[in-house]
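Only one structure is covered here, and it is reproduced in the block below.
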Amino acid sequence: MIQTLRGTKDIVGSEIFYWHHLETIARELLRRANYQEIRTPILEATELFARGIGETTDIVNKEMYTFLSKGEESITLRPEGTAGVVRAYIQNKLQGIQRLWYMGQMFRYERPQKGRQRQFHQLGLELIGSADPRADGEAIALAYEILQALGLQNLLVSLNSVGDHTDRMGYRGALVDYFTPYLADLDPDSQQRLQRNPLRILDSKDPKTQTICQSAPNIWDYLQPESRRRFDRVQALLTDLKVKFRLEPRLVRGLDYYTHTAFEIQSQDLGAQSAVCGGGRYDRLVAELGGTDTPAVGWAMGLERLILLLENLQTLNPPPIDFYIVSRGERAESYALVVWQQLRQAGFQVEMDLTGAKFDKQLKRADHASAKAAIILGDSEADNHTLQVKWLGEGRQETTTIEDLFTRLAPRKNHD
RNA sequence: GUGUCUGUAGCUCAAAGGUUAGAGCGCCUGACUGUGGAUCAGGAGGCUGUGGGUUCGACCCCCAUCAGACACCCCA
């Protein structure tokens, strides 16, 4: 049997109702904030991610689906959304402040576990063109409110500032100085990180490394006054917006392009992969990718993780349909098809039984389809142009005509 | 890439190395020949993930492989 590749899955059966629910709420909140959807290709030049995300990151080093196309060009299935959106911003010469959102598949070659797949979905937001701390507040508040609107509980917003480039270089040097004497006591992964990305040592889960980190230098001591003021302002704005957050000096996002604001929203109801949303400010990325120097802030949510939480929260059932048409006999079956068309064109949601089985079997299926009413058609109804309508909730049955049904139920028309 | 655990009917799970691999739910049929849900009776459905091996004999033990779960790494 041919089956799905490791780390990929079908979204099948009632799971789709959770996706629709999530999409409906997110779309509505983003519409109110006048964000515009953008759809960029899943396939991009490998160089876009190498330059955008950073050559030293794990995403670029070991997690990308990269291959050569027939023209020997190196292409990659996107591992995240921001680089592509920024590429589109530059390529399409978008100007001024752009409020953009996207939703779609992302790909990372990793071992799957709870809340992590190789092909997964992200909902992302990018607010490009403003350095105003209010832009940070806007982006974070929207993420927070979307998660709240979904009814998620036990959410924790972690906030940090990683400063600008000079702040970070100073801090990085201080960390290297601090950790070097302890080199032998660090876990092997962190030993590697000391050269590549010492900031990452801070969120190691190794207990011994953790103790060493206790008295490591704090990034806040390396923020220049201007960066510090900016950080304070973002905190004040979030408080005004009633976003509850926790300051987390160790929070370091995995991608190289972040500056100043970094944040993450975690759920305590997931396993180890607890981050449902991550993001921050990336003032250098547009220039890095060849555009004019443009500040920006954004985030991404992992939708599979949100779906897991939603499924724990509530059971969504398929909405009931209006009519299930049951028919038996040659003339009745032809008549049923016409009734099916008329009901549908009048705006009702209708399903017609195709089995030709006995009425009790077909009615059982009507019940199973959670239809409000079954329309029962035999040859005598076909001859008289009447309908037997059985209201399944109350069990009442009536003889009527399709015209009568239309006038009584004032059906929704297709066009408004 | 590393570690631990798990693969038996559509689903959830049984079956001390020893007859013909079972049960619940679901599905189908009938009781009820033009009337759903409940009840009762019956039925279909399995190369025990796959490929090797050990054994008189393997769902069970061994090896490999594929897949899944969880964790590490990393991230959403």
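Every chain is numbered from 1 and lettered A, B, ... according to where its sequence line falls, protein lines coming before strand lines. In this text, all values refer to a predicted model and were calculated from it rather than measured experimentally.
- Of the candidates B/U35, B/G36, B/C75, B/U35 carries the atom nearest the A/Gln388 side chain, counting heavy atoms from C-beta on.
- Relative ring orientation between A/Trp220 and A/Phe231 is described as tilted, the plane-to-plane angle lying within the 30° to 60° band.
- Using C1' as the reference atom, B/C60 and B/G49 are 16 Å apart when rounded to the nearest Å.
- For the pair A/Arg99 and A/Trp101, the cation-pi criterion (under 6.0 Å, within 45° of the ring axis) is not fulfilled.
- Ring-plane geometry between A/His20 and A/Phe17 is classed as perpendicular, the angle between the planes exceeding 60 degrees on a 0 to 90 degree scale with a lower cut at 30.
- Proximity of A/Arg328 to the phosphate of B/G34: a side-chain N or O atom is located under 4.0 Å from OP1 or OP2.
- A/Glu63 comes within 4.0 angstrom of the backbone, heavy atoms only, and of no base.
- As the counterpart of B/G1, B/C72 is assigned, both hydrogen-bonding distances of the Watson-Crick or G-U wobble pattern falling under 3.5 Å.
- Searching all strands for a Watson-Crick or G-U wobble partner of B/U65 with both distances below 3.5 Å returns B/G49.
- Side-chain N/O atoms of A/Arg111 and base N/O atoms of B/G3 include a donor-acceptor pair closer than 3.5 Å.
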Enumerate donor-acceptor pairs with a distance under 3.5 Å from any side-chain N or O in residues 147-157 of chain A to protein atoms, sequence neighbours excluded.
| residue | atom | partner | partner atom | Å |
| --- | --- | --- | --- | --- |
| A/Gln153 | NE2 | A/Gly151 | O | 3.1 |
| A/Asn154 | ND2 | A/Asp269 | OD1 | 3.1 |
| A/Asn154 | ND2 | A/Asp269 | OD2 | 3.3 |

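- Here the side chain of A/Ala272 is nearest to one of B/C75, B/U35, B/A71, namely B/A71.
- Which of B/U35, B/C70, B/C75 sits closest to the side chain of A/Lys390 comes down to B/U35.
- Remark: the separation of the P atoms in B/A23 and B/A14 is 16 Å, to the nearest Å.
- When both pairing distances are held under 3.5 Å, B/U33 makes no Watson-Crick or G-U pair with any nucleotide shown.
- For B/A23, the paired nucleotide is B/U12, the pair qualifying as Watson-Crick or G-U wobble because both relevant distances are below 3.5 Å.
- For A/Arg200 and B/C75, the shortest distance from a side-chain N or O to OP1 or OP2 is below 4.0 Å.
- Pair assignment for B/C59 gives none, since no Watson-Crick or G-U wobble pairing has each distance under 3.5 Å.
- Close to B/A69, at under 4.0 Å from its OP1 or OP2, lies no side-chain N or O of A/Gln113.
- Taking atom C1' on both nucleotides, B/G46 is separated from B/C11 by 15 Å, rounded to a whole Å.
- For the pair A/Arg6 and B/G68, the criterion of a side-chain N or O lying under 4.0 Å from OP1 or OP2 is met.
- Contact of A/Gln397 with B/G34 (side chain to base): no donor-acceptor pair of N or O atoms is detected under 3.5 Å.
- Nearest to the side chain of A/Phe120, among B/A76, B/C66, B/G1, sits B/A76.
- Residue A/Arg108 places none of its side-chain N or O atoms closer than 4.0 Å to OP1 or OP2 of B/G1.
- Pairing of B/G42, defined by two Watson-Crick or G-U wobble distances under 3.5 Å, is identified with B/C28.
- Cation-pi geometry between A/Arg118 and A/Tyr109 is met: under 6.0 angstrom from the ring centre, within 45 degrees of the axis.
- Taking atom C1' on both B/U55 and B/G18, the two are 12 Å apart, rounded to the nearest angstrom.
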